[in-house]
Each structure stands twice: as structure tokens, then as C-alpha cells.
Amino acid sequence: MSGLLPQSFYEGDPAEVARGLLGKLLVRLLDRCRLSCIIVETEAYYGPDDPASRARRGGELRRIMGGDVGVALIYGIHRQWLLNIVAHEKGECGAVLIRSGKPLEGIEIMKRLRGLDDAHLLASGPGRLTRAMHVDKSMHGKPIYIRDHGLWIEDYVDVPSSMIARSHRIGVSKDLPTPLRFYIKGNEFVSRRVRGV
DNA sequence: CGCCAGATTGACT
DNA sequence: GTCAATCTGGCGG
């Protein structure tokens, strides 16, 4: 079997993990069918000091974001489920939002789940990606460094740093000074909600 | 207990 | 361009 990312992959600065996830394969097992997307866009979120982080509000999300790394954190907003992976250094708090993917396996199933034919719209956006891969709240809190829950991440390609661009996070009103969105330069499957990006 | 804001999407005046 | 749908947790805006 190919390279399942180990839990240790997610132990590190959220921005570094977010960069490292570009080019990896997000895999979903659904009724013995493999759905997968190449991750092309991510964002890093930190703890209570990050004004855009859900951890700022405390509660369950903060506990999960400060807990075991490599765990799925599913965040419901505006009728969408957003997929995050808990990632931080020891004793810290943070997560990586998976924003966009390029569909690779199970494309016909994804088209059915999305009710769309255009591959460029299947998983280009955090809410679109979760719908295309049938990820919902039932995945919340589940480790993704094992295959037991039907959702995991595998090695796929190495993306050289010259191919990685960064920008400010999309849709946040109070961002940190550091750009924390990472994406593959020029990739057609990156979501485009900001003019000129 | 109700209201508000927010890491979005897609349909429509 | 504009707006509504709908989930979560903090706060009384």
C-alpha cells in the first residue's frame, strides 16, 4: 500500500503543515470505491491569539485544536462542512483547512454527489470539497493517520517551493499580518474568490 | 434563551 | 452585485 501520512506529519507549525499538504492525496473510501483529490490549496489557523481561528471562542473546537494532531475537525458554517486537520507543535493549538483539491479518482461519483459535470467546480472551495468527497460531521474527531474511518491522506507528489504561492486567508475579516493561505501556483483547481488571485 | 458573527456557495433582483 | 440558507458557541452588541 502507498504512503499513508503518519501522525507525526501533523506535529509542527500549522503553516509548515499546510505547505506540506500541497500535492498530497486526500482519500475517501465510500462503499469500497476510492475517491481522491490532490490537495492544491490550504490555510493555517492558530490558537486563541489568531483572530480568525475558531479556537478563539474556546469550547469544543478549541479543545480539539489543542488536542491530538492528525485528527479531523469538521466545522459547520453557512450550510457547508469544512474539513480541517489538527496540526500544531507540542503544547500548542492549531489546524489546517483543506480548501481545494484536484479530483483524481472516483470523479463520476463526485460529479453525482455535487450534481455537476465541471471538474473545475467539484472540489475547488472548502465546502465544495467536502460535498464532493462526502465528508460530514460524522468524521469529526476521527484520526486520519489510519484508514479505519475511510478518510486519510497519502503521499503523492512533491511540490517544489518555487511552485508554492501564499496569500492572506480568504473570507476572514480579521487576519494575522502573515499570509497563511498556501496554494499551487497557477493551478486551475484553486478556488478564486479574490480578484487578482 | 435568543441573537449575532463567521474559515461559503449558488441562485437571483 | 446581492442575498439567503444554516451550524456553532459566546455573550447579552
Side-chain angles (χ1 to χ4, degrees), chain A residues 10 13-22 26 37 39-67 69 71-88 92-103 110-142 144 151 153 165-184 187-197:
Chain A
Y10 306 100
D13 186 286
E16 288 308 307
V17 177
R19 284 176 67 119
L21 282 173
L22 296 178
L26 177 67
C37 283
I39 298 172
V40 300
E41 181 183 1
T42 57
E43 283 177 358
Y45 288 86
Y46 289 84
D49 294 335
D50 179 352
S53 175
R54 294 284 104 169
R56 192 176 172 75
R57 300 193 181 187
E60 192 226 1
L61 290 178
R62 161 123 176 235
R63 276 200 306 281
I64 294 210
M65 282 179 75
V69 300
V71 163
L73 183 158
I74 310 291
Y75 164 35
I77 188 174
H78 295 120
R79 198 188 195 169
Q80 326 290 332
W81 296 115
L82 273 49
L83 171 63
N84 299 259
I85 298 156
V86 176
H88 53 76
E92 297 294 315
C93 187
V96 174
L97 169 70
I98 310 296
R99 278 196 65 89
S100 298
K102 174 181 176 176
M110 294 192 206
K111 287 182 176 177
R112 210 175 313 142
L113 286 168
R114 289 276 290 118
L116 282 174
D117 263 341
D118 186 350
H120 288 87
L121 293 176
L122 286 180
S124 296
R128 293 167 173 171
L129 181 138
T130 55
R131 277 189 57 194
M133 300 195 73
H134 205 265
V135 170
D136 60 22
K137 190 78 179 180
S138 65
M139 287 291 153
H140 188 55
K142 302 283 198 285
I144 64 160
L151 183 70
I153 299 182
R166 61 194 298 173
S167 78
H168 281 282
R169 293 174 292 187
I170 288 184
V172 310
S173 51
K174 290 178 237 169
D175 205 353
L176 288 168
T178 317
L180 290 170
R181 169 180 177 242
F182 300 89
Y183 58 99
I184 298 180
N187 189 283
E188 289 299 310
F189 293 84
V190 168
S191 70
R192 293 157 205 246
R193 300 188 67 251
V194 177
R195 212 163 54 124
V197 177

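None of the values given here were measured: they were computed from a predicted structure.
Nucleotides dG6(B) and dG13(C) have their C1' atoms positioned 16 Å apart, rounded to a whole Å. dA7(B) and dG1(C) have their C1' atoms separated by 22 Å, given to the nearest Å. Spacing of C1' atoms, dG10(B) relative to dT8(C), comes out at 23 Å, to the nearest Å. The separation of dG9(C) from dA5(C), taken at their P atoms, amounts to 22 Å, rounded to a whole angstrom. As rounded to the nearest Å, dT6(C) and dT13(B) have C1' atoms that lie 23 Å from one another.
Secondary structure note: stems in DNA chain C built from 3 or more consecutive Watson-Crick or G-U wobble pairs under 3.5 Å occupy B:1-6 with C:7-12, B:8-12 with C:1-5.
Legend: residues meeting salt bridge (Lys or Arg N to Asp or Glu O under 4.0 Å) with E188(A), ordered by chain and number and at least two apart, are R192(A). Residues passing the side chain to side chain contact (heavy atoms under 4.5 Å, CB included) test with R131(A) are R114(A), sequence neighbours excluded. Not counting sequence neighbours, E16(A) has no partner by the side-chain hydrogen bond (donor to acceptor under 3.5 Å, both in side chains) test. K111(A) is linked by a salt bridge (Lys or Arg N to Asp or Glu O under 4.0 Å) to E108(A), counting only residues two or more places apart in sequence or in another chain. The side chain to side chain contact (heavy atoms under 4.5 Å, CB included) check on D175(A) picks up H168(A), R169(A), V172(A), with sequence neighbours excluded. Taking A18(A) as the reference, T42(A), A44(A), V96(A), F182(A) meet the side chain to side chain contact (heavy atoms under 4.5 Å, CB included) condition, with sequence neighbours excluded. A search for side-chain hydrogen bond (donor to acceptor under 3.5 Å, both in side chains) contacts involving T178(A) returns nothing, not counting sequence neighbours. With sequence neighbours left out, I77(A) forms a side chain to side chain contact (heavy atoms under 4.5 Å, CB included) with Y75(A), L82(A).
Between M65(A) atom CE and dA7(B) atom C1' there is a gap of 10 Å when expressed in whole angstrom units. To the nearest angstrom, P of dT8(B) lies 11 Å from CG of N84(A). Whole-Å rounding puts the L122(A) CG to dT9(B) C1' distance at 14 Å. The CD-C1' distance, from E41(A) to dA7(B), rounds to 11 Å in whole Å. Between the CZ atom of R169(A) and the P atom of dT8(B) there is a distance of 11 Å, given to the nearest Å. Straight-line distance from the CG atom of D118(A) to the P atom of dT9(B): 14 Å, rounded to whole Å.
Contact between the side-chain N/O atoms of S191(A) and the OP1/OP2 oxygens of dT8(B) is not found at any separation under 4.0 Å.
Using modelled atom types, one finds no donor on one side chain facing an acceptor on the other under 3.5 Å when comparing T130(A) with Q80(A).
Counting only residues at least two apart or in different chains, ring pair (Phe, Tyr, Trp, His ring centres under 6.0 Å) contacts with residues 111-139 of chain A comprise H120(A)-F189(A).
Once rounded to the nearest 0.5 Å, the distance linking OH of Y46(A) with CE of M65(A) reads 10.5 Å. With rounding to the nearest 0.5 Å, the separation of CD1 in I184(A) from CG in L22(A) is 5.0 Å.
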Between N or O atoms, less than 3.5 Å apart, protein on one side and nucleotides 10-13 of chain B on the other: list the pairs.
from, atom 1, to, atom 2, distance (Å)
dG10(B), OP1, R114(A), NH1, 2.9
dG10(B), OP1, R114(A), NH2, 3.0
dG10(B), OP2, R128(A), NE, 2.8
dG10(B), OP2, R128(A), NH2, 2.8

A correct 5'-to-3' footprint of nucleotides 7-13 of chain C, with B, S and - meaning base, sugar-phosphate only and no protein heavy atom under 4.0 Å, is BSBS---
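Residue K174(A) is the one, among K174(A) and S124(A), whose nearest nucleotide of DNA chain B lies closer to the 5' end (criterion: closest heavy atom).
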